[in-house]
Asker: 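Structure incoming, see below.
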Amino acid sequence: MQTLTVGLAERSYPIYIGSDLLGCAELLLPHLPHKRAAMVTNTTVAPLYLEPLRAMLQTHGVDIISIILPDGEQYKNAETLGLIYDALLSHRCERNTPLIALGGGVIGDMTGYAAATYLRGVPFIQIPTTLLAQVDSSVGGKTGINHPLGKNMIGAFYQPQVVLADITTLNTLKDQELRAGIAEVIKYGLIRDLSFFEWLEQNIEKLLARDADALQYAITRSCQNKAEVVAADERENGERALLNLGHTFGHAIETGMGYGAWLHGEAVAAGTIMAADLSCRLGWLSKEDMDRIRSLFERAGLPVVAPALGVEKYLQLMGLDKKVVGGKIRFVLLKSIGSAVISANVEPELLRQTLMANSAHG
Ligand code: NAD
Ligand code: GLY
């Protein structure tokens, strides 16, 4: 097992990464001093992992209230969030009752937001069970829900007390979901870690084959990158925005196609190709780097062509991005592999060319 720390002074917390960690009571018990917690999961993850975890904690005297939500990005909304509050209130959960998120990024984001807002804040524990959640969404404290007009538009920064990433849980993940997580892994190489990108070029097949050592390495390296960025810029006043590489385009794909039609990681992959293409058109990224990026996404089995929403629709959806300032879209772009920048000065014509060249024509 490897232990990393997200360094945020008195709100610092550990990330534990390893195999078979769900059975390790000693990692969770220090965070459950009041012997009661509410565990939020969904109809897919509950039959796989809820009962053993609940039973294990029960043997240590911890009473678990189970909250099982419908599964899917289309349920990451105010109505489903309300189900969490309903359960917490009906079980008379108090300020010292932690909320435990057991699942992927959807469960983690919603549970975190419920923890940030229920009784104005209760302790929060992340047990991510998808690759995407283990390398990205469980770390850093971004929580929230979608709005029909835009992805993740309602939310709060709220850090967990501990993140427990059990690599063994990834064995039950669908191939398509594993690949979606790899999109966020590649992101770290692209924005700030050239040697990790090179490692991924060498080892992508091992990751796809779920080689435990390769997964452990990739998750740890991703979390190291994320922890450093979050420690330096928790509230995204600067460097943290680089973590959104491909997301301005990707969120437009997710919203435009209807939540759940494209997986988040798939939309980020196609969106990252668009961001790289735009960087090429600006004369920043070399053609050689562009080819390497496209090739790695293709080898990972991720989409490199965005869906046919039409240029005007893309522009309209991207105008709702959280990074828009003064009406101008701020893009995360690449200078080279391993070096990203933010720019709001993109010629509208270049953007149109990127959207045309990298989306299907329906
Ligand atoms: P997800 O939560 O929908 O999980 C993907 C699928 O895998 C679901 O059907 C889920 O039930 C299933 N699943 C989860 N664990 C499983 C397991 N071990 N075995 C079998 N099936 C399992 O999707 P995701 O890709 O984990 O997360 C995407 C979400 O994360 C998006 O809503 C995105 O906006 C959000 N996100 C948040 C941040 C952040 O910083 N907070 C960062 C990146 C993404
Ligand atoms: N996933 C982007 C961030 O955490 O900032």
Side-chain angles (χ1 to χ4, degrees), residues 6 22 40-50 53 68-77 80 101-113 116 124 126-146 150-160 163 165-185 187-188 191 210 222-223 225-227 229-230 232-248 250-251 253-255 259-260 262-269 322-323 332:
V6 183
L22 286 192
V40 184
T41 187
N42 69 25
T43 48
T44 302
V45 179
L48 294 168
Y49 303 110
L50 176 63
L53 194 51
I68 302 175
L69 303 177
D71 181 12
E73 183 75 38
Q74 64 274 33
Y75 296 107
K76 186 179 161 181
N77 56 26
T80 314
L102 174 70
V106 169
I107 287 295
D109 281 12
M110 273 199 295
T111 307
Y113 190 52
F124 174 38
Q126 283 273 21
I127 306 185
T129 61
T130 63
L131 180 61
L132 186 139
Q134 294 187 356
V135 298
D136 193 352
S137 62
S138 65
V139 175
K142 278 191 183 174
T143 71
I145 54 171
N146 299 328
K151 266 282 291 179
N152 296 338
M153 280 295 165
I154 319 292
F157 287 98
Y158 196 68
Q159 301 293 342
V163 179
D166 182 345
I167 289 174
T168 312
T169 62
L170 303 182
N171 289 334
T172 52
L173 207 56
K174 286 184 185 153
D175 283 341
Q176 191 188 3
E177 300 288 356
L178 185 82
R179 287 195 289 266
I182 291 176
E184 301 279 19
V185 174
K187 171 182 83 178
Y188 295 110
I191 61 169
R210 301 173 203 234
S222 298
C223 286
N225 272 294
K226 180 135 193 194
V229 173
V230 169
D233 178 24
E234 182 186 9
R235 297 215 156 213
E236 202 168 299
N237 295 312
E239 183 188 357
R240 184 165 183 171
L242 300 179
L243 293 173
N244 298 320
L245 176 69
H247 285 59
T248 301
H251 285 169
I253 295 171
E254 290 187 79
T255 309
Y259 299 127
W262 273 53
L263 300 185
H264 177 71
E266 293 173 335
V268 165
K322 286 190 289 306
K323 288 187 301 308
V332 185

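Numbers here simply count residues along the sequence, with the first being 1. Whatever order the structure lists ligands and atoms in, that order sets their numbers, starting from 1. Reckoned from all heavy atoms, side chains included, excluding hydrogens, waters and symmetry mates.
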Asker: Among residues at least two apart in sequence or on other chains, which ones pass salt bridge (Lys or Arg N to Asp or Glu O under 4.0 Å) with D166?
Answerer: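 With sequence neighbours excluded, D166 shows a salt bridge (Lys or Arg N to Asp or Glu O under 4.0 Å) to no residue whatsoever.
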Asker: Short N or O contacts of ligand 1 with protein, under 3.5 Å, listed by atom name?
Answerer:
from     : atom 1 : to   : atom 2 : distance (Å)
ligand 1 : 2 (O)  : G105 : N      : 3.0
ligand 1 : 2 (O)  : V106 : N      : 3.0
ligand 1 : 9 (O)  : D71  : OD1    : 3.1
ligand 1 : 9 (O)  : D71  : OD2    : 2.7
ligand 1 : 11 (O) : N42  : ND2    : 2.9
ligand 1 : 11 (O) : D71  : OD1    : 3.1
ligand 1 : 11 (O) : D71  : OD2    : 2.9
ligand 1 : 15 (N) : T129 : O      : 3.3
ligand 1 : 15 (N) : T129 : OG1    : 2.7
ligand 1 : 18 (N) : T129 : O      : 2.9
ligand 1 : 18 (N) : T169 : O      : 2.9
ligand 1 : 18 (N) : T172 : OG1    : 3.4
ligand 1 : 19 (N) : T172 : O      : 3.4
ligand 1 : 19 (N) : T172 : OG1    : 2.7
ligand 1 : 26 (O) : G105 : N      : 2.8
ligand 1 : 26 (O) : T130 : OG1    : 2.7
ligand 1 : 27 (O) : G105 : N      : 3.2
ligand 1 : 32 (O) : E73  : OE1    : 2.7
ligand 1 : 32 (O) : E73  : OE2    : 3.1
ligand 1 : 32 (O) : K76  : NZ     : 2.8
ligand 1 : 32 (O) : K151 : NZ     : 3.2
ligand 1 : 34 (O) : K76  : NZ     : 3.2
ligand 1 : 34 (O) : K151 : NZ     : 2.7
ligand 1 : 34 (O) : N152 : ND2    : 3.3
ligand 1 : 41 (N) : D109 : OD1    : 2.9
ligand 1 : 41 (N) : K142 : O      : 2.8

Asker: Roughly how far, to the nearest 0.5 Å, is OG1 of T143 from OH of Y158?
Answerer: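 Those atoms lie 9.5 Å apart.
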Asker: Can you name the residues that form a salt bridge (Lys or Arg N to Asp or Glu O under 4.0 Å) with E236, not counting sequence neighbours?
Answerer: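 Scan of E236 (salt bridge (Lys or Arg N to Asp or Glu O under 4.0 Å), adjacent residues dropped) gives K142.
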Asker: I'd like to know whether Y49 forms a side chain to side chain donor-acceptor pair (under 3.5 Å) with T41, so could you lay out the CA-CA distance, the side-chain angles of the two residues, the decisive distance to 0.1 Å, and finally the verdict.
Answerer: CA-CA 9 Å; Y49 303 110; T41 187; over 6 Å; no
Asker: Collect the protein residues that have a non-hydrogen atom under 4.0 Å from ligand 2 and hand them over in chain and number order.
Answerer: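 Residues within 4.0 Å of ligand 2: D136, K142, K226, E236, R240, L243, N244.
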Asker: Can a donor-acceptor pair be found, under 3.5 Å and without considering hydrogens, that links the side chain of Q134 to the backbone of P128?
Answerer: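 Present.
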Asker: Closer than 3.5 angstrom, by distance alone: can the side chain of R240 be matched with the main-chain N or O of G140 as a donor-acceptor pair?
Answerer: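 Yes; at least one donor-acceptor contact below 3.5 Å.
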Asker: Quick check: are there more than 12 heavy atoms from other residues, nucleotides or ligands sitting under 6.0 Å from OH of Y75?
Answerer: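 Open.
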Asker: Once rounded to the nearest 0.5 Å, what's the spacing between atom CZ of R179 and atom NZ of K174?
Answerer: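 Reported value, rounded in 0.5 Å steps: 11.5 Å.
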Asker: Describe, in one word, how the ring planes of H251 and H264 are oriented to each other, choosing from parallel (under 30°), tilted (30 to 60°) and perpendicular (over 60°).
Answerer: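 Rings of H251 and H264: tilted, 30 to 60°.
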